[in-house]
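As the structure lists them, so they are numbered: ligands from 1, and atoms in each ligand from 1. Every heavy atom of this structure was used, including side-chain atoms; hydrogens, water molecules and symmetry mates were not.
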Amino acid sequence: MFYDVDLHSRLMLGTAQYPSPAVLAAAIEASGAEVITVSLRREGAAGQAFRDLLRQSGRRILPNTAGCHTAREAVTTAQMARELFGTRWIKLEVIGHADTLQPDPFALLEAARILCAEGFEVFPYTTEDLILGERLIEAGCRVLMPWGAPIGSGQGLRHEEALRSYRAHFAGVPVVIDAGIGAPSQAARAMEMGFDAVLLNTAVARATDPVAMARAFGTAIAAGRMAFEAGLMPRRDMAVASTPALGLADLGPADLGEALA
Ligand SMILES: CC(=O)[C@@H](O)[C@H](O)COP(=O)(O)O
């Protein structure tokens, strides 16, 4: 449940950097994603044609504030997005660092407070910091989106242990891994760890065949979730024989002699 919306697909797909609008449309279709995210600043919600393409996809649109560097910019962009797309959903990105594209935690929290108070349903792109997560919840966010790795890096779950703690700490909150996912196996891993969804863009848009890659991600994410729900076996440090010893002949020295006679 993401702000009282139940989704079947746990993949949220970005719409930037595709080789053509036709490939984007086909990738959305192949992915099975029910939520697509669009950047107002990067695409400039790029004209009517692009918006029409997104609407025709029939998917729920999650506008995002990618490219914003201050709380003020992000708030204004969110307000524009609400007008343009007629949605209260907003993926809130406030970038603090040009190299790492990592979130600015202070500006993020400031913007989240303002937007939640204005009735927005905020999906905050955040680090895996637990205290920041708590403050975002206090501000009114009902979803958290920690990064897997820096945007566009394809590194996967860079701080897996921290993300594991994050998942456990916010057990009752929908948590989406956002950014840095490079391969379907990494997305499946996130799902196996119990995250609620994965948001990604570059790995599909920049694939040699974006449509096939979108399908691969959709399948991997569904499989990862299925594995989580099936209950993964505990990881062990030592070997444990998988074949039961029960019922095996107990060939002591005497029996052995007989058997060989
Ligand atoms: C599309 C979008 O919202 C990005 O800012 C997002 O965080 C995706 O990151 P990747 O491109 O690394 O998947």
Who's closest to atom 8 (C) of ligand 1 heavy-atom-wise, of Thr15, Asp178, Ile181, Leu101? Asp178
Decide whether the shortest distance between a heavy atom of Gly152 and an atom of ligand 1 is less than 4.0 Å. yes
Give me the atom names and distance for the closest heavy-atom approach of Phe228 to Glu192. CD1-O, 3.4 Å
In terms of atom number and element, which parts of ligand 1 are under 4.0 angstrom from non-hydrogen atoms of Glu93? 2 (C), 3 (O), 4 (C), 5 (O), 7 (O)
Within the 4.5 Å heavy-atom criterion, are Ile90 and Glu121 side-chain neighbours or not? no
Residue Gly180 vicinity, atoms of ligand 1 by number, heavy atom under 4.0 Å: 10 (P), 12 (O)
Tell me the salt bridge (charged side-chain N to carboxylate O under 4.0 Å, His left out) pairs involving residues 196-207, sequence neighbours left out? Arg167-Asp196
What part of Asn64 sits under 4.0 Å from ligand 1 if we count only heavy atoms: the side chain, the backbone, both or neither? side chain
Proximity of Leu200 to ligand 1 by residue part, where a heavy atom lies under 4.0 Å: both
Closest heavy-atom approach to atom 3 (O) of ligand 1 among Met145, Met12, Lys91 is made by Lys91
With nothing but distance in play, are any N or O atoms of Thr37 less than 3.5 Å from an N or O of ligand 1? no
Taking 4.0 angstrom as the limit, do Arg189 and Glu160 come out as a salt bridge? yes
Looking only at atom types and distance, does a side-chain atom of Thr37 sit under 3.5 Å from a main-chain N or O of Leu62, one as donor and one as acceptor? yes
Does an N or O from Thr202, backbone or side chain, lie closer than 3.5 Å to an N or O of ligand 1? yes
What pairs meet the salt bridge (charged side-chain N to carboxylate O under 4.0 Å, His left out) rule with one or both residues in residues 21-35, with sequence neighbours excluded? Glu29-Arg59
Within-4.5 Å side-chain heavy-atom neighbours: Phe123 and Leu92: no
